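Have a look at the structure below before the remarks.
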Amino acid sequence: MEKVMIGNMPAGMAHVIIVGAMVNGKANYNTLGCYGLISLIPPTIYIESIKPHYTNIGIRETGYFSVNIPNAALAQKTDYVGLVSGYDIDKSDVFKPFFGSIDKTPMIEECPINILCKVIQTVYIPSQPNVEIFIGEVVEVYVNKESMTDGKPDLNKIRPLMLTGAGGLYWEMTGSPAGVVYQEGKALIRK
Ligand SMILES: Cc1cc2nc3c(=O)[nH]c(=O)nc-3n(C[C@H](O)[C@H](O)[C@H](O)COP(=O)(O)O)c2cc1C
């Protein structure tokens, strides 16, 4: 099979997440592509959100964050909260928040899956001073009832919004294009 070297941007399909945290008394959200599972027992995940992000302030302060998995219908809002910073714009009204057992950590009602995490460690990489990795133990997972079949999450109903880093595109899980990264959300920027 012939291979084409396209640079060093990871091109694999990953689903996008929206992280939620309470910052200075208000819900704030940011979009991340860098996230993953560390272990199932105990259920542990990581998110990478660079140090200057506003959201990080709330995660450091409260010790909790939420991971929300948007579907393709939320592409525009997902892009928007990844385009603008809570430092400049109040993003608390972009989504409808709900709360689980930790009342200081907003989760997003519109997203079919919500994962509430407690920070158990924060990791820094000396050669990459901006990188901040929060390792979170999963406290609770919520799934929209309509996105389940026989009591289990159903990927066909969840339709997570996918991302290819190389090319900067959003995709439907089916492979149909769902937008351009850092473009879709521009229409929501209030002048
Ligand atoms: C599709 C997409 C993926 C992103 N992935 C990451 C990421 O993995 N890590 C990161 O630090 N920022 C990432 N960003 C950028 C942040 O979401 C963006 O800078 C955001 O405005 C920060 O908001 P805040 O300052 O309110 O926290 C991504 C943005 C988009 C649109």
Side-chain angles (χ1 to χ4, degrees), residues 7-38 45-95 97 104-108 110-111 113 115 117 119 121-125 127-136 159-173 176-190:
N8 67 355
M9 181 67 81
M13 280 259 181
H15 66 80
V16 184
I17 61 163
I18 305 171
V19 168
M22 201 60 95
V23 192
N24 296 325
K26 284 195 163 179
N28 194 69
Y29 309 101
N30 82 351
T31 305
L32 300 181
C34 301
Y35 135 92
L37 253 186
I38 292 179
I45 63 177
Y46 74 89
I47 58 168
E48 184 281 328
S49 181
I50 62 166
K51 269 188 213 163
H53 287 337
Y54 190 68
T55 311
N56 297 31
I57 296 173
I59 301 175
R60 289 184 213 117
E61 263 176 24
T62 64
Y64 286 88
F65 61 88
S66 70
V67 166
N68 304 274
I69 300 181
N71 56 24
L74 290 171
Q76 191 178 48
K77 285 186 171 184
T78 302
D79 196 60
Y80 173 69
V81 297
L83 255 177
V84 298
S85 172
Y87 279 110
D88 311 312
I89 290 178
D90 178 359
K91 294 187 266 185
S92 64
D93 60 352
V94 177
F95 300 107
K104 54 191 173 189
T105 307
M107 291 182 273
I108 299 175
E110 296 91 324
C111 289
I113 297 192
I115 305 169
C117 296
V119 178
Q121 197 170 331
T122 306
V123 176
Y124 300 100
I125 301 173
S127 62
Q128 300 182 2
N130 253 357
V131 168
E132 187 162 32
I133 299 167
F134 298 105
I135 298 182
R159 288 175 51 221
L161 179 63
M162 310 296 287
L163 174 76
T164 42
L169 295 173
Y170 295 111
W171 301 84
E172 285 264 10
M173 204 181 66
S176 306
V180 179
V181 174
Y182 293 130
Q183 286 295 327
E184 298 315 304
K186 280 187 178 167
L188 297 182
I189 297 178
R190 285 157 269 188

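From a predicted model like this one, the values you see are computed outputs, not experimental measurements. Each ligand, and each atom within it, is numbered from 1 in the order the structure gives. Just so you know, residue 1 is the first one in the sequence shown, and it goes up from there.
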For [atom], grab the closest protein heavy atom and report residue, atom and distance to one decimal in Å.
atom: atom 25 (O) of ligand 1; value: S85 OG, 2.7 Å
atom: atom 7 (C) of ligand 1; value: L32 CD2, 3.4 Å
atom: atom 18 (C) of ligand 1; value: G82 O, 3.1 Å
atom: atom 27 (O) of ligand 1; value: T55 OG1, 2.5 Å
atom: atom 15 (C) of ligand 1; value: Y182 OH, 3.6 Å
atom: atom 4 (C) of ligand 1; value: T31 O, 3.3 Å

Go through it in stages, so that I can follow the logic: the residues are T55 and Y29, the test is side-chain contact (heavy atoms from CB on, under 4.5 Å), and I'd like the CA-CA distance, side-chain angles, deciding distance and then a yes or no. CA-CA 7 Å; T55 311; Y29 309 101; over 6 Å; no
Considering only heavy atoms, which of [options] lies nearest to [atom]?
atom: atom 22 (C) of ligand 1; options: Q183, H53, E48; answer: H53
atom: atom 11 (O) of ligand 1; options: D90, L83, I50; answer: I50
atom: atom 21 (O) of ligand 1; options: N30, V84, T78; answer: V84

Which of the atoms in ligand 1, numbered in the order shown and given with their element, are less than 4.0 Å from a heavy-atom of G86?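 Ligand 1 atoms under the 4.0 Å threshold to G86: 24 (P), 25 (O), 26 (O).
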Counting from 1, what ligand 1 atoms have a heavy atom of Y54 closer than 4.0 Å?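 Once the distances to Y54 are compared, the set is 24 (P), 25 (O), 26 (O), 27 (O).
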Do I45 and L37 pass the side-chain contact (heavy atoms from CB on, under 4.5 Å) test, and can you show the C-alpha distance, the side-chain angles, and the key distance before you say yes or no? CA-CA 4 Å; I45 63 177; L37 253 186; 3.9 Å; yes
I need the minimum non-hydrogen distance between D79 and E184, along with the two atoms involved. OD2-N, 3.1 Å
Which pair of non-hydrogen atoms, one from T31 and one from T78, has the smallest distance, and what is that distance? OG1-O, 2.5 Å
Would you kindly specify which portion of [X] sits under 4.0 Å from ligand 1, judged on non-hydrogen atoms: side chain, backbone, both or neither?
X: K91; result: side chain
X: Y170; result: side chain
X: V81; result: backbone

For the residue pair F65 and F134, does the interplanar ring angle fall in the parallel (under 30°), tilted (30 to 60°) or perpendicular (over 60°) class? tilted
Return yes or no for this condition: an N or O of [X] is under 3.5 Å from an N or O of ligand 1.
X: V181; value: no
X: Y87; value: no
X: C34; value: yes
X: G33; value: yes
X: N28; value: yes
X: S49; value: no
X: D79; value: no
X: V16; value: no

A side-chain contact here means heavy atoms from C-beta on lying under 4.5 Å apart; do L32 and C34 qualify? no
pair K91-K77: side-chain heavy atoms closer than 4.5 Å: no
Using atom types as modelled and distance alone, determine if a side-chain donor or acceptor of N56 lies under 3.5 Å from a backbone N or O of S49. yes
Exam field: side chain N68 to backbone I108, donor-acceptor pair closer than 3.5 Å: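 Side chain of N68 to backbone of I108, a donor-acceptor pair under 3.5 Å: yes, one is there.
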Check the pair Y54 / N30 against side-chain contact (heavy atoms from CB on, under 4.5 Å), numbers first and verdict last. CA-CA 9 Å; Y54 190 68; N30 82 351; over 6 Å; no
How far does CD1 of I18 sit from OH of Y80, to the nearest 0.5 angstrom? 13.0 Å
Can you find a side-chain donor-acceptor pair between Y124 and E132 that sits under 3.5 Å?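 There is such a pair (donor and acceptor under 3.5 Å, judged by atom type) between the side chains of Y124 and E132.
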Run the side-chain contact (heavy atoms from CB on, under 4.5 Å) check on L163 and L161 step by step: do they pass? CA-CA 7 Å; L163 174 76; L161 179 63; over 6 Å; no
